[in-house]
Amino acid sequence: MASQPFTAVERGAPNSFDYRIYFRDANGPISPMHDIPLYADEANKIYNMVVEVPRWTNAKMEISLKEVLNPIKQDIKKEKLRFVANCFPHKGYIWNYGALPQTWENPEVLDASTGCKGDNDPIDVMEIGQRIAKRGEVLQVKVVGCIGLIDEGETDWKLVAIDVNDPLAEQLKDIADVERLCPGLLKATVEWYRIYKIPDGKPENKFAFNGEAKNREFATHVIEDVHKFWQSLHSKEADAGGISLSNTTVESSTFKMDLVAAEKVINDSPPLGEPQPIDPIVDKSHYIRLK
């Protein structure tokens, strides 16, 4: 499948508060949340995935909801850049991690499956193919299932997906194929989510369905729901609550901005600089004993 013309534009110094990744298409700046289409191939249910965190890395990068054009930036907690802990035997994130564009988990709507409201973010994706993706890359993926994480009382769906160009993509048709072809991956995934915040003093996370991964059909319905929630932002049926809805291509949106203004947003940000040093504590392994 041919790649689509989305380009990542790095600004600021990596490992600093100023670091951002903006996006362009063939015509100019775009928002990765609003302008990149959800579907790469709607008929075959192939989705665009924005990669925020490559596998085996620790920096908690995410699409910034409140900044104009929604660049990717590193999360900040307690005035420090956030890195996820290495919870033995895991190292950083154990899949390529990112989000589907044009989705939003509505924090005002109770999810019938989980009994909890949404987490106010685009829906998350775990891409399980063999290649380590690049930060800011846009992959075309097939979703084969999902896991219902309950993160601090909020519904936080985690989609299980694979790059359509991966050697296993044709064989992975549904969630049962993941266990057959990638034995241990789903178990490790549930363990990772259960314990990854414990080194930060947080309790272990909980799950809907006792951590059981749901199938492709279920995941497809979840995606359809969160896409509708995203549409409700642009139609003003839902309160954006500070989310920047600025975009350059969504014709139905009243928040569309011109390309000159969008270019200025990128040009006004600091130029790409040298990576800043990282505290060695980021490489520490944490040994977790669950009660």
Side-chain angles (χ1 to χ4, degrees), residues 1-4 6 32-34 36-55 62-63 93-106 111-114 118-119 121-133 137-151 155-190 192-193 207-209 211-231:
M1 184 175 293
S3 62
Q4 296 192 20
F6 303 119
M33 180 170 180
H34 304 301
I36 296 176
L38 170 61
Y39 295 102
D41 178 352
E42 186 170 2
N44 291 305
K45 293 291 189 291
I46 304 300
Y47 304 92
N48 286 312
M49 171 192 173
V50 179
V51 177
E52 297 165 315
V53 187
R55 184 189 297 116
E62 58 190 15
I63 292 171
Y93 286 72
I94 62 174
W95 350 256
N96 295 311
Y97 187 78
L100 294 188
Q102 298 188 342
T103 63
W104 178 55
E105 296 193 66
N106 192 331
D111 189 295
S113 300
T114 66
D119 73 344
D121 281 324
I123 196 167
D124 296 318
V125 189
M126 306 171 294
E127 193 280 316
I128 63 174
Q130 69 180 25
R131 187 176 73 88
I132 297 177
E137 191 172 359
V138 180
L139 304 180
Q140 297 173 348
V141 301
K142 175 167 64 175
V143 173
V144 296
C146 63
I147 292 173
L149 179 67
I150 307 301
D151 190 353
T155 301
D156 189 4
W157 289 109
K158 306 295 184 183
L159 300 173
V160 182
I162 189 162
D163 187 332
V164 295
N165 296 308
D166 190 88
L168 287 180
E170 283 298 316
Q171 299 176 66
L172 283 172
K173 301 182 186 301
D174 215 319
I175 198 66
D177 298 320
V178 176
E179 183 58 32
R180 178 172 61 86
L181 297 170
C182 310
L185 178 57
L186 292 176
K187 180 180 179 181
T189 294
V190 170
W192 192 95
Y193 282 116
F207 299 86
F209 316 110
E212 175 194 355
K214 308 302 284 185
N215 65 17
R216 184 181 185 183
E217 181 181 10
F218 187 101
T220 299
H221 288 307
V222 171
I223 296 169
E224 290 169 351
D225 285 343
V226 293
H227 182 51
K228 290 176 183 176
F229 292 146
W230 170 82
Q231 290 173 323

Asks: Write down the atom of P183, the atom of R180, and the distance for their closest heavy-atom approach.
Replies: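 Reported closest heavy-atom pair: CD-O, 4.0 Å.
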Asks: With the side chain counted from C-beta on, respond yes when W157 and S113 share a heavy-atom pair under 4.5 Å apart, and no when they do not.
Replies: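 Yes, at least one pair of side-chain atoms sits under 4.5 Å.
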Asks: Donor-acceptor check, side chain of K142 to backbone of A169, threshold 3.5 angstrom: yes or no?
Replies: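 Flag set: sc K142 to bb A169 pair under 3.5 Å.
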Asks: Between the side chain of K214 and the main-chain N/O of G148, is any donor-acceptor distance below 3.5 Å?
Replies: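 No, because the side chain of K214 does not come within donor-acceptor range (under 3.5 Å) of the backbone of G148.
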Asks: Does the D166 side chain pair with the main chain of L168, one donor and one acceptor, at a distance under 3.5 Å?
Replies: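 Such a contact is found between D166 side chain and L168 backbone.
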Asks: Indicate yes or no: at least one non-hydrogen side-chain atom of I128 is less than 4.5 angstrom from one of L185.
Replies: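 I128 vs L185: side chains touch.
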Asks: Can you tell me how the ring of F209 sits relative to the ring of F218, calling it parallel under 30°, perpendicular over 60° and tilted otherwise?
Replies: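 The rings of F209 and F218 stand perpendicular, inter-plane angle above 60°.
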Asks: Under a 4.5 Å cut-off applied to non-hydrogen side-chain atoms, are E105 and D121 in contact?
Replies: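 Result no, sub-4.5 Å side-chain heavy-atom pair not found.
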Asks: Please lay out, stage by stage, how I36 and V50 fare under the test side-chain contact (heavy atoms from CB on, under 4.5 Å).
Replies: CA-CA 9 Å; I36 296 176; V50 179; 4.0 Å; yes
Asks: Hey, does the side chain of E127 reach the backbone of G129 with a donor-acceptor pair shorter than 3.5 angstrom?
Replies: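 Yes; at least one donor-acceptor contact below 3.5 Å.
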Asks: Just do the side-chain contact (heavy atoms from CB on, under 4.5 Å) check on Y47 and T220 with the steps written out, would you?
Replies: CA-CA 11 Å; Y47 304 92; T220 299; 4.0 Å; yes
Asks: Between D177 and V144, is any pair of side-chain heavy atoms under 4.5 Å apart?
Replies: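 Counting from C-beta outward, D177 and V144 never come under 4.5 Å.
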Asks: Please check this pair: side chain of N215 against backbone of I175, looking for a donor-acceptor N/O pair closer than 3.5 Å.
Replies: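 Checking the backbone N and O of I175 against the side chain of N215, no donor-acceptor pair under 3.5 Å is found.
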Asks: Of all the heavy-atom pairs spanning L139 and A133, show the shortest one and how long it is.
Replies: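 Closest approach of L139 to A133: CD1-CB, 4.2 Å.
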Asks: Ignoring hydrogens and angles, tell me if any N or O in the side chain of T103 forms a donor-acceptor pair with the backbone of I123 under 3.5 Å.
Replies: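 Present.
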Asks: If you round to the nearest 0.5 Å, how far is CD of E179 from CG of D174?
Replies: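 Those atoms lie 13.5 Å apart.
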Asks: As a test of understanding, state which of T114, D156, I147, I150 forms a side-chain contact (heavy atoms from CB on, under 4.5 Å) with F207.
Replies: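 Output: one option passes, namely I147.
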Asks: Got a second to check how far C146's SG is from E217's CD, nearest 0.5 Å?
Replies: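 That separation rounds to 11.5 Å.
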Asks: Between N48 (side chain only) and P37 (backbone N and O only), is there a donor and an acceptor less than 3.5 Å apart?
Replies: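 Such a contact is found between N48 side chain and P37 backbone.
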Asks: The test is salt bridge (charged side-chain N to carboxylate O under 4.0 Å, His left out); show your working for D124 and K158 and say whether it passes.
Replies: CA-CA 5 Å; D124 296 318; K158 306 295 184 183; 2.7 Å; yes
Asks: Side chain of D163, backbone of N165: donor and acceptor closer than 3.5 Å?
Replies: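 At least one qualifying donor-acceptor pair exists.
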Asks: Has K45 got more than 12 heavy atoms of other residues, nucleotides or ligands less than 6.0 Å from its NZ?
Replies: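 More than 12 within 6.0 Å, yes.
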Asks: Y97 vs Y193 aromatic rings, parallel, tilted or perpendicular, using cut-offs 30° and 60°?
Replies: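 The arrangement is tilted - the two ring planes meet at 30° to 60°.
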Asks: If every non-hydrogen atom of P101 is compared with every non-hydrogen atom of P32, which pair is closest and at what distance?
Replies: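 Reported closest heavy-atom pair: CB-O, 3.1 Å.
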Asks: CG/L172 to CZ/R216 distance, rounded to the nearest 0.5 angstrom?
Replies: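 Reported to 0.5 Å precision, the distance equals 10.5 Å.
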Asks: Treating E52 as the side-chain partner and I63 as the backbone partner, does any N or O pair qualify as donor plus acceptor under 3.5 Å?
Replies: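 Yes, the answer is positive, given that a donor and an acceptor are paired below the 3.5 Å cut-off.
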Asks: Roughly how far, to the nearest 0.5 Å, is the CD1 atom of I223 from the OH atom of Y39?
Replies: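 Answer rounded to 0.5 Å: 7.0 Å.
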Asks: Measure from the side-chain N and O atoms of Q102 to the backbone N and O of L38, and report whether any donor-acceptor pair falls under 3.5 Å.
Replies: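 Yes; at least one donor-acceptor contact below 3.5 Å.
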Asks: In Å, rounded to the nearest 0.5 Å, how long is the span from NZ of K228 to CD of Q231?
Replies: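 Going from the NZ atom of K228 to the CD atom of Q231 covers 8.5 Å.
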Asks: Just verifying a value: how many Å separate I94 CD1 and R55 CZ, rounded to the nearest 0.5 Å?
Replies: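 Separation between the atoms: 9.0 Å.
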